[in-house]
Amino acid sequence: MSFDACGYTGKLLRVDLSSGKISVEPLNMAWARQYIGCQGLGVRYLFEELAPGIDPLGPESKIVLLTGPLTGTIAPCSPKYTLIFKSPLTNILYDSTSGGYFGAELKYAGYDGLIIEGKSPKPVYLLIRDQRVELQDAARIWGKDTFTATDMLKQWWGDDLRVTVIGLAGENQVRFASVLTEYAKANGRAGGGAVFGAKNLKAIAVKGSGSVSVANPEALVELSLKLMAETLVENPEQLVFTGWKGGEGTISIMDWANDYGCLPTRNFQAGSFDRKSKIDAREVKKITKKEKACFSCPMGCAHQVKIEQGQHKGTGVGSFEYESIAMLGSNCDISDLAVVAKLNELCNKHGMDTITAGNVIGWAMDCFERGLLTEKDTNGLPLRFGNNEAAIELLEKIARREGIGALLAEGVARASARVGKGSEEFAMHVKGLEIPAYDPRVAIGMGLAYATAPPGAAHTRAFPISGALFGGWWVGADPVKLDPRKPENFAQVCIQQNHWQAYRFSTGHCDFGLLEPGWKLPELLENCTGWPEIKDWRKIGERIINTYRLFSIREGISRKDDTLPAAFFKKPLPAPAEGAVISPEDFEFMLNEYYELRGWDHEGRPTQEKLRELGIQELGLKIGVR
Ligand code: SF4
């Protein structure tokens, strides 16, 4: 296969697990020019590859794993690859990005990505060593946790093998099972691990010996070194996220979230935690052993922690993050940092999303305290808020789908539909995906961001809470004022951030790098690919968002789904954000404006005119948009 585009290998592996057939096919370069890679390209592939209405856990489901053109190059903070799949939590697409070294290694083996389809008759893992690509019997690692399975694969095939693997939760098709890479990095959210498990696929392991060609190596190296030296490790805003010079990583968020009142506490009943100081950055620092970086990243934001004394001595977490600590800590009223670390370790070991795990446990505790679940339902577990031992046991039960664990393994939307009795009102999710660690009542545009994020409640598709709390946002050259409690301007800020994030998540770049929209990343990409049009981040981002939306519409999503849990509309927060609530009128105002500015109709369907402008009108015609 001859190929001369830069930043890409031009090859995709297609693995049919039912037949065991493995083939190499050309990457669709016309789509790559329109969608770049990772998220965007994966969404386009699955729009074409998946029939409407398929069961995410059935054999007809597919997994796309894609790198971006920057992955594996010298471009700073660009180690990323993305798993794209129809989520068993939401029945719409999810694109889950992970870092580490796996993505670069896959490019060096000669592939931009993989498409996995069918279902293997027995447990297997995929072993990629350059041109040698094989399905191997996974009998000896099936049933093993992620750490043990990774150790065994490395023992068999070499320490330099890069491994991404599921644990018990994936094998048992827990709907929020994750896929863990290199002991610490996860394709965490929305159940990619369950899709692996349903296909009897335990792991993908890769070793590569090639390289990636880029269009303008001198310019790419010069710009990359400049950014590394001047921006990423000297800029105070970026420094916060590094492990250098006292940077605290994402855990630095805990202080302001608590001060402003948006730190989820007791299943979002409050936004401030009276024992925050026991689980904040100062405490995490005391147990941090080192900071680790992903491939090509000067920032090294992953805080590796270890508990060295007490009941949980020996517990370790490879990347201890704000989201996990908030959801497994304050959201469950747990203030023992060793217990929070233990819960996080269990999530990694069994392969489960920490955000959903904390959300689901918080909801179950809330139900228990209200008498909607009793000890009869919980196998004798007194599931009160703050019960450390119960939370630990619950996670074990969820991974194994034992007793109450089988109910909670379904995620909070399905579990609350089964429990009923009003528990749906405080089941904190959007479209089936659990709300992460920012209460939107404090800055109501965050509610719009959750409600309209393409895959359900994700905080990484727009983050207007920071602009609202810390002063303004820029759309084009003009500063836009955001008042946290007023609905004006949030729609246009969400849209701009949607486009920037979709673009960034399609390149291989990390969302902690180069924070300012439009800044330098397009130049890196042009130097990498040699395509001038790839710099148009607004248009490419908008095309990705609209394609995502068309997939969701085909699955029955409409305006009725672009909403929030009832608790955000009905229950005002206590101090420090006393009285903060989202009024239905303000929400409708934001949603109407969002649709209008997007060129969507009142039901949230892109118009044919908008799709024509983005060069994807044929996708609209396929689902009846005229
Ligand atoms: S900023 Fe952190 S997560 Fe992002 S690439 Fe660097 S080390 Fe990895």
Side-chain angles (χ1 to χ4, degrees), residues 37-39 67-83 95-107 162 164 178-189 212 224-225 227-253 281 284 288-305 317-325 344 348 353-355 436-437 458-460 463 466 500-501 503-516 519-521 524-525 528:
C38 292
Q39 179 195 106
T67 58
L70 293 181
T71 314
T73 71
I74 192 178
C77 310
S78 300
K80 299 285 183 168
Y81 66 96
T82 305
L83 208 61
D95 57 286
S96 175
T97 295
S98 186
Y101 287 72
F102 182 92
E105 200 74 25
L106 185 64
K107 292 272 285 274
R162 304 295 179 183
T164 190
S178 62
V179 188
L180 198 79
T181 302
E182 300 289 302
Y183 308 101
K185 296 286 174 188
N187 293 107
R189 303 221 67 197
V212 183
S224 297
L225 294 178
L227 289 172
M228 285 189 202
E230 291 175 13
T231 307
L232 294 169
V233 294
E234 293 302 336
N235 177 343
E237 274 184 32
Q238 298 275 170
L239 264 178
V240 172
F241 287 109
T242 69
W244 308 88
K245 298 187 182 176
E248 293 167 340
T250 55
I251 184 63
S252 59
I253 294 167
V284 171
T288 299
K289 296 299 151 208
K290 61 177 171 179
E291 286 87 16
K292 206 170 172 206
C294 300
F295 176 89
S296 86
C297 185
M299 291 172 65
C301 74
H303 284 59
Q304 295 194 334
V305 301
V317 178
S319 188
F320 208 28
E321 306 290 341
Y322 163 72
E323 295 286 340
S324 308
I325 300 169
N344 197 146
N348 289 353
D353 174 26
T354 53
I355 294 175
H459 60 290
T460 49
F463 197 63
S466 65
W500 173 243
Q501 291 296 80
Y503 179 83
R504 170 151 61 180
F505 281 136
S506 300
T507 64
H509 190 253
C510 175
D511 66 339
F512 297 150
L514 305 177
L515 296 174
E516 203 175 316
W519 196 73
K520 297 298 177 201
L521 183 57
L524 285 170
L525 266 181
C528 177

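The residues of the chain are indexed from 1 along the displayed sequence. Remember, it's 1-based here, ligands and their atoms both numbered in the order they're listed.
- Among the atoms of Cys510, no N, O or S atom falls under 2.8 Å of atom 2 (Fe) of ligand 1.
- The option from Cys294, Cys297, Ser319 that lies nearest to atom 1 (S) of ligand 1, judged by heavy atoms, is Cys297.
- In this structure, a donor-acceptor pair under 3.5 Å is absent between the side chains of Ser78 and Ser296.
- Between Thr67 and Lys80 there is no side-chain heavy-atom pair separated by less than 4.5 Å.
- With a 4.0 Å cut-off on non-hydrogen atoms, His303 does not touch ligand 1 at all.
- More than 12 heavy atoms of other residues, nucleotides or ligands sit less than 6.0 Å from atom NZ of Lys289.
- Rounded to the nearest 0.5 angstrom, Thr250 OG1 and His303 NE2 are separated by 8.0 Å.
- Close approach of ligand 1 to Lys185 (heavy-atom distance below 4.0 Å) involves ligand atoms 3 (S).
- For ligand 1, the atoms closer than 4.0 angstrom to any heavy atom of Cys301 are 1 (S), 2 (Fe), 3 (S), 7 (S).
- Residue Phe512 has at least one heavy-atom neighbour below 4.0 Å for each of these atoms of ligand 1: 1 (S).
- For Ala437, the side chain to side chain contact (heavy atoms under 4.5 Å, CB included) partners are Pro264, Tyr322, Glu323, Ala326, Met327, not counting sequence neighbours.
- Proximity of Pro79 to ligand 1 is established by a heavy-atom distance of less than 4.0 Å.
- Side chain of Thr73 to backbone of Thr71: no donor-acceptor contact under 3.5 angstrom is found.
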